[in-house]
Enquirer: 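Can you read through this structure? Questions will come right after.
The chain is numbered in sequence order, starting from 1. Order of listing sets the numbers, starting from 1, for every ligand and every atom in it.
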Amino acid sequence: MRMNLLHASLLLSVVSLAIAEATADFECPPTVSLAFTEAHHYDDVDYDPNTGSSINGSFWTDSNTMETLHLLMLQTGRSDFDGLADNSFLGRNALIPFTDWTTFTGPFIDDAGWAVLALWTMAEYKAMRHQENVDEFLAAAATVYDLIASNWDDTCGGGVWWTVDHTYKNAITNELFLTLSAQGYLRFKNDTYLENAKKAWAWIESSGMRNAQGLYNDGLVFGTCVNNGETTWTYNQGVILSGLGALYAATGNETLIHEAEITIDATILNLTSNGVLKESCDDVKLEGTPCDSDQQIFKGIWLKHLQYFLIFARSKHPELVDKYKAFITSQSEAVSRFATDPHLDIGSVWYGINEGGSIFSVQSLASGIMAHVANAEYGTCLDI
Ligand SMILES: *[C@@H]1O[C@H](CO)[C@@H](O)[C@H](O)[C@H]1NC(C)=O
Ligand SMILES: *[C@@H]1O[C@H](CO)[C@@H](O)[C@H](O)[C@H]1NC(C)=O
Ligand SMILES: *[C@@H]1O[C@H](CO)[C@@H](O)[C@H](O)[C@H]1NC(C)=O
Ligand SMILES: *[C@@H]1O[C@H](CO)[C@@H](O)[C@H](O)[C@H]1NC(C)=O
C-alpha cells in the first residue's frame with residue numbers, strides 16, 4: 001500500500017526517532033560488514049520464514065532480534081532483510097485486525113514491552129524505506145502499550161507489575177515502561193506518554209532498586225517493597241539508559257544524563273572481566289548454574305540500549321560517544337575473538353576463551369549481533 005508523498009512525510013515525523021539521521025553520517029565498512037555477516041547468518045540458519053520465528057527461540061527474544069535487524073538496516077541505509085517485518089510472527093499478527101493482544105503477549109508485562117519496541121522499529125523501517133502505511137503496526141503497538149500502562153497501581157508507591165497476577169514489581173518492566181513512554185512521546189508528541197515517562201522515572205528513582213554501587217537489582221520484595229538484593233543483570237543496567245536518554249531528549253533535564261552515566265560507569269566497573277561484559281551466570285565455575293536462554297541475550301540488550309542512549313544524548317553531549325567508544329568496540333572484538341565459532345555461531349561467554357561454559361543458542365547469537373550493531377554505529381573504526 002503506497003501513500004502519497006505528503007502523507008508519507010507526515011508519517012515519517014511520527015514514527016522516526018531520527019535513528020537514520022543520527023547515524024548516516026558515518027559508516028565504518030569493516031564493522032558494518034561484520035554486523036551484517038552475523039545478521040545474515042541468523043536469517044539463513046536460525047530464522048524460519050514459515051513461522052516468522054526463530055528456531056529454538058522465544059517470543060520476547062525474537063522481538064529483540066527483529067528490533068535489532070531493523071535498527072541495523074536503518075542505521076546503515078541498507079535493506080538486506082526487506083519483507084522481514086511483515087513476515088515476522090509479530091508483524092503478521094499486527095497485520096491481522098482480530099489479534100487479541102492480551103493473549104498474544106501473555107502473562108509477562110515485560111514481554112509486552114519488548115514487542116512494542118520491535119513494532120516501532122519495524123514500522124520506522126517500513127515507513128522510511130518504502131513509505132509504507134504502518135497504521136496497523138502503530139495501532140498494535142498502542143494497544144500493547146496501553147495494556148502495559150493498565151498494570152500500574154499504587155502498591156509500593158507506583159510502578160507496573162511484572163506479570164498479570166500482580167505479585168512482583170521489578171526493574172526491567174518499569175525500565176521498559178519508562179523507555180516506551182519517553183520514546184512514545186518523542187515519536188507521537190502525545191502528552192500521556194510524557195506524563196507516564198516522568199511518573200515511571202520518579203517511581204524508579206524513589207523505589208530503592210538501584211543499589212549503592214549504582215546498579216539496579218532485580219526488583220522489590222513483595223509486601224515490604226524493599227530492594228530484594230537479587231542479581232544485577234546486565235539488561236537491567238541497559239534499558240534504564242534508553243529511558244533516561246529519551247526522557248532527556250524530551251525534557252532537556254541534565255540530571256538524567258548524570259543518572260545514566262552512574263549506571264554505565266558502574267556496569268563497566270563491576271559487571272566486566274578483562275574489560276568485557278560478564279553476566280554472573282557466564283562464570284559457570286563460580287556460579288554452578290549456567291545462564292538460561294533468557295539470560296543469554298542480556299549483554300547484547302545492554303549494548304543496544306547504550307546505543308539508544310547515545311542516539312538521544314549525542315547532539316548535546318558528543319563527548320559521551322568519545323567516552324564509551326572504546327568500551328563498545330572492546331565488546332564487539334571480544335565477541336569476534338572469544339565467542340564466535342568457525343560456523344559463525346556466537347556463544348554466551350564473551351570475556352575469555354570458551355572453557356566449556358559458553359552456550360551457543362539463538363539468544364546468544366542475537367546478543368552478539370547487538371554488540372556488533374552498536375559497534376557499527378558508535379565504535380572505533382579499526383583497519384582490518
Ligand atoms: C534446535 O534445537 C535442537 C535440539 O537441541 C537441535 O538439534 C537443532 O540443531 C537446533 N536448531 C537450530 C537451528 O539451532
Ligand atoms: C495518547 O495516548 C493515550 C494512551 O495510549 C491514548 O489513550 C490517547 O488516545 C492518545 N491521544 C491521542 C491524541 O492520540
Ligand atoms: C530533573 O531530574 C531530576 C532527577 O530525576 C529531578 O529530581 C528534577 O526534579 C528534574 N528537574 C526538573 C526541572 O524537572
Ligand atoms: C561488584 O561489587 C561488589 C561490591 O562492591 C563486589 O563484591 C563484587 O566483587 C564486584 N564484582 C565485580 C565483578 O567487580
Enquirer: Answer yes if a protein heavy atom lies under 4.0 Å from atom 7 (O) of ligand 3, otherwise answer no.
Expert: no
Enquirer: Distance to 0.1 Å, residue and atom name: give those for the protein heavy atom nearest to atom 5 (O) of ligand 2.
Expert: Asp146 OD1, 2.6 Å
Enquirer: If only atom types and distance count, is the side chain of Asp154 paired as donor or acceptor with the main-chain N or O of Gly158 below 3.5 Å?
Expert: no
Enquirer: Using side-chain contact (heavy atoms from CB on, under 4.5 Å) as the criterion, point out the one residue from Asp86, Leu95, Ile96 that pairs with Glu136.
Expert: Leu95
Enquirer: Please state which protein non-hydrogen atom is closest to atom 4 (C) of ligand 3 and give its distance, to 0.1 Å?
Expert: Glu205 OE2, 3.4 Å
Enquirer: Going by atom types only, do Trp60 and Asp110 share a side-chain donor-acceptor pair under 3.5 Å?
Expert: no
Enquirer: Given the protein's heavy atoms, is any one of them under 4.0 Å from atom 11 (N) of ligand 3?
Expert: yes
Enquirer: Looking at Asn87, is its backbone amide N or carbonyl O close enough to the side chain of Arg92 to form a donor-acceptor pair, meaning the two atoms are under 3.5 Å apart?
Expert: yes
Enquirer: For the residue pair Phe177 and Tyr193, is the inter-centroid distance of their aromatic rings smaller than 6.0 Å?
Expert: no
Enquirer: Within the 4.0 Å heavy-atom shell around Thr255, which atoms of ligand 3 are there?
Expert: 2 (O), 3 (C), 4 (C)
Enquirer: Between Phe188 and ligand 2, which residue portion shows a heavy-atom distance shorter than 4.0 Å: side chain, backbone, both, or neither?
Expert: neither
Enquirer: Any idea which protein heavy atom is nearest atom 13 (C) of ligand 2, and the distance to it?
Expert: Asn190 ND2, 4.6 Å
Enquirer: Could you tell me which atoms of ligand 3, counted from 1 in the order shown, lie closer than 4.0 angstrom to a heavy atom of Trp201?
Expert: 4 (C), 5 (O)
Enquirer: Please say which of Tyr216, Phe298, Trp302 ends up in a side-chain contact (heavy atoms from CB on, under 4.5 Å) with Trp233.
Expert: Phe298
Enquirer: Which residue and atom name correspond to the protein heavy atom nearest atom 2 (O) of ligand 1, and how close is it?
Expert: Asn56 ND2, 2.3 Å
Enquirer: Give a yes or no on whether the backbone of Gly379 and the side-chain of Thr329 come within a donor-acceptor separation of less than 3.5 Å.
Expert: no
Enquirer: Considering only protein heavy atoms, which is closest to atom 9 (O) of ligand 3, and at what distance to one decimal place?
Expert: Asn253 ND2, 4.8 Å
